[in-house]
Student: 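This is the structure I have questions about; it appears just below.
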Amino acid sequence: QVQLVESGGGLVQPGGSLRLSCAASRSIFSLNAMGWYRQAPGKQRELVAAISLSTITKYAESVKGRFTISRDYAKNTVYLQMNSLKPEDTAVYFCNYGPWAVVTTTLLFGSWGQGTQVTVSS
């Protein structure tokens with residue numbers, strides 16, 4: 001049973017923009033904080049941005065001022081607008097859901113989706 005569908009990745013030049021989308025089932029989206037994460041080759045998965053049910057947000061220091069997370073309750077979708085992309089943003093990006101502490105700190109999720117590849121290169 002597919003519960004999260006990530007999309008929107010691709011190849012972009014440094015300085016460019018991409019918008020990632022994560023569509024969730026209504027039962028998940030309406031009851032949980034949502035987060036975007038990324039994992040680069042040889043590195044641990046890390047929090048990129050998170051958004052609570054009341055739209056409080058949290059960002060990794062490395063993306064503050066460049067990335068924006070938002071959620072659309074009508075579409076059960078969370079977005080990650082990524083601007084001023086840098087080569088170091090290259091990674092597989094994942095979304096996930098849960099209580100705020102899990103989404104922002106522990107990242108102890110039961111499972112992960114396939115993610116969407118973002119490559120920033122000239």
Side-chain angles (χ1 to χ4, degrees):
Q1 182 179 356
V2 177
Q3 295 182 313
L4 298 172
V5 179
E6 302 125 331
S7 63
L11 173 63
V12 63
Q13 292 186 341
S17 297
L18 282 174
R19 188 177 80 157
L20 305 183
S21 300
C22 174
S25 65
R26 182 179 179 183
S27 61
I28 288 173
F29 194 81
S30 63
L31 295 175
N32 288 281
M34 303 292 294
W36 281 101
Y37 308 86
R38 67 186 180 188
Q39 187 167 22
K43 294 189 177 181
Q44 284 191 327
R45 196 168 303 182
E46 62 177 358
L47 170 69
V48 176
I51 186 165
S52 72
L53 286 166
S54 60
T55 67
I56 293 171
T57 57
K58 179 176 180 178
Y59 295 93
E61 286 296 325
S62 60
V63 306
K64 281 183 179 179
R66 301 188 298 123
F67 291 10
T68 303
I69 189 170
S70 61
R71 62 191 300 164
D72 185 335
Y73 282 95
K75 297 181 179 179
N76 298 324
T77 299
V78 60
Y79 302 99
L80 184 68
Q81 178 65 45
M82 305 186 295
N83 298 329
S84 303
L85 282 161
K86 305 175 180 180
E88 51 263 43
D89 294 317
T90 296
V92 179
Y93 284 70
F94 304 85
C95 68
N96 222 319
Y97 65 94
W100 186 245
V102 173
V103 167
T104 58
T105 306
T106 68
L107 277 59
L108 293 175
F109 298 106
S111 63
W112 292 89
Q114 291 187 331
T116 185
Q117 176 71 47
V118 171
T119 302
V120 184
S121 175
S122 55

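Basis for what follows: all heavy atoms, side chains included, without hydrogens, waters or symmetry-related copies.
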Student: Say whether, by atom type as modelled, one donor and one acceptor occur between the side chain of N32 and the main chain of M34 under 3.5 angstrom.
Tutor: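 No: the side chain of N32 does not pair with the backbone of M34.
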Student: Report yes or no: do V92 and W36 belong to one cluster of Ile/Leu/Val/Met/Phe/Trp/Tyr joined by side chain heavy-atom distances under 4.5 Å?
Tutor: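 Looking at the clustering, W36 is in a separate group from V92.
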Student: Can you tell me how far CG of N76 sits from CD1 of I28, rounded to the nearest 0.5 angstrom?
Tutor: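 Reported value, rounded in 0.5 Å steps: 10.0 Å.
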Student: For residues 97-114, please give each side-chain donor-acceptor pair under 3.5 Å, one per line with the distance, not counting sequence neighbours.
Tutor:
{"from": "Y97", "atom 1": "OH", "to": "Q3", "atom 2": "OE1", "distance (Å)": "3.3"}
{"from": "T104", "atom 1": "OG1", "to": "W100", "atom 2": "O", "distance (Å)": "2.7"}
{"from": "T106", "atom 1": "OG1", "to": "L108", "atom 2": "N", "distance (Å)": "3.3"}

Student: Nearest 0.5 Å please: distance from the OH atom of Y37 over to the OH atom of Y93.
Tutor: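 Y37 OH to Y93 OH: 14.0 Å, rounded to 0.5 Å.
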Student: Of the options T90, D89, T116, which is the one that meets R38 in a side-chain hydrogen bond (donor to acceptor under 3.5 Å, both in side chains)?
Tutor: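 It is D89, the one option of T90, D89, T116 that forms the side-chain hydrogen bond (donor to acceptor under 3.5 Å, both in side chains) with R38.
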Student: Does a side-chain heavy-atom distance below 4.5 Å link V120 with V118?
Tutor: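 Yes. Closest side-chain heavy atoms under 4.5 Å.
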Student: Is E6 reaching over with its side chain to a backbone N or O of C95, donor-acceptor style, under 3.5 angstrom?
Tutor: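 The answer is yes, because a donor-acceptor pair under 3.5 Å joins these two groups.
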Student: Do you know which two heavy atoms are closest between K64 and E61, and how far apart they sit?
Tutor: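 It is NZ-OE2, 2.7 Å.
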Student: What closest approach, in Å, do A60 and L47 show between heavy atoms, and which atom pair accounts for it?
Tutor: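 Closest approach of A60 to L47: CB-O, 3.4 Å.
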Student: Is it the case that more than 12 heavy atoms not belonging to Q44 sit under 6.0 Å from its CD atom?
Tutor: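 At most 12 heavy atoms, drawn from other residues, nucleotides or ligands, come within 6.0 Å of this atom.
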Student: In the structure I gave you, are the side-chain heavy atoms of V12 and S17 within less than 4.5 Å of one another anywhere?
Tutor: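 When only atoms from C-beta onward are counted, S17 and V12 do not touch, as no gap falls below 4.5 Å.
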Student: Indicate yes or no for a side-chain donor-acceptor contact from Y59 to the backbone of I69 under 3.5 Å, with no hydrogens or angles considered.
Tutor: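 Pair found, side chain donor or acceptor close to backbone of I69.
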Student: How long is the gap from CD on Q81 to CG on L20, to the nearest 0.5 Å?
Tutor: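 So the gap between those two atoms works out to 9.0 Å.
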Student: Using every non-hydrogen atom in the two residues, find where S21 and T77 come nearest and quote the distance to one decimal.
Tutor: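 That closest heavy-atom pairing would be CB-CG2, 4.2 Å.
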Student: Which atoms form the tightest heavy-atom contact between A40 and A91, and what is the distance?
Tutor: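 Heavy-atom minimum between the residues: N-CB, 3.8 Å.
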Student: Measure the OG1-CG distance between T119 and L85 for me, rounded to the nearest 0.5 Å.
Tutor: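 So the gap between those two atoms works out to 10.5 Å.
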Student: Which pair of non-hydrogen atoms, one from Y73 and one from L53, has the smallest distance, and what is that distance?
Tutor: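 Minimum heavy-atom separation between Y73 and L53: OH-O, 2.5 Å.
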Student: Find out whether the Lys NZ or Arg CZ of R19 is both under 6.0 angstrom from the six-membered ring centre of Y79 and within 45° of the ring's axis.
Tutor: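 Yes, R19 lies over the aromatic ring of Y79.
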Student: To check you understand the geometry: which heavy-atom pair defines the closest contact between R71 and F29, and what is its length?
Tutor: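 Taking every non-hydrogen atom into account, NH2-O, 2.6 Å.
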Student: Under a 3.5 Å threshold, yes or no: a donor from one side chain and an acceptor from the other, between S54 and S52?
Tutor: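 Present: a donor and an acceptor within the cut-off.
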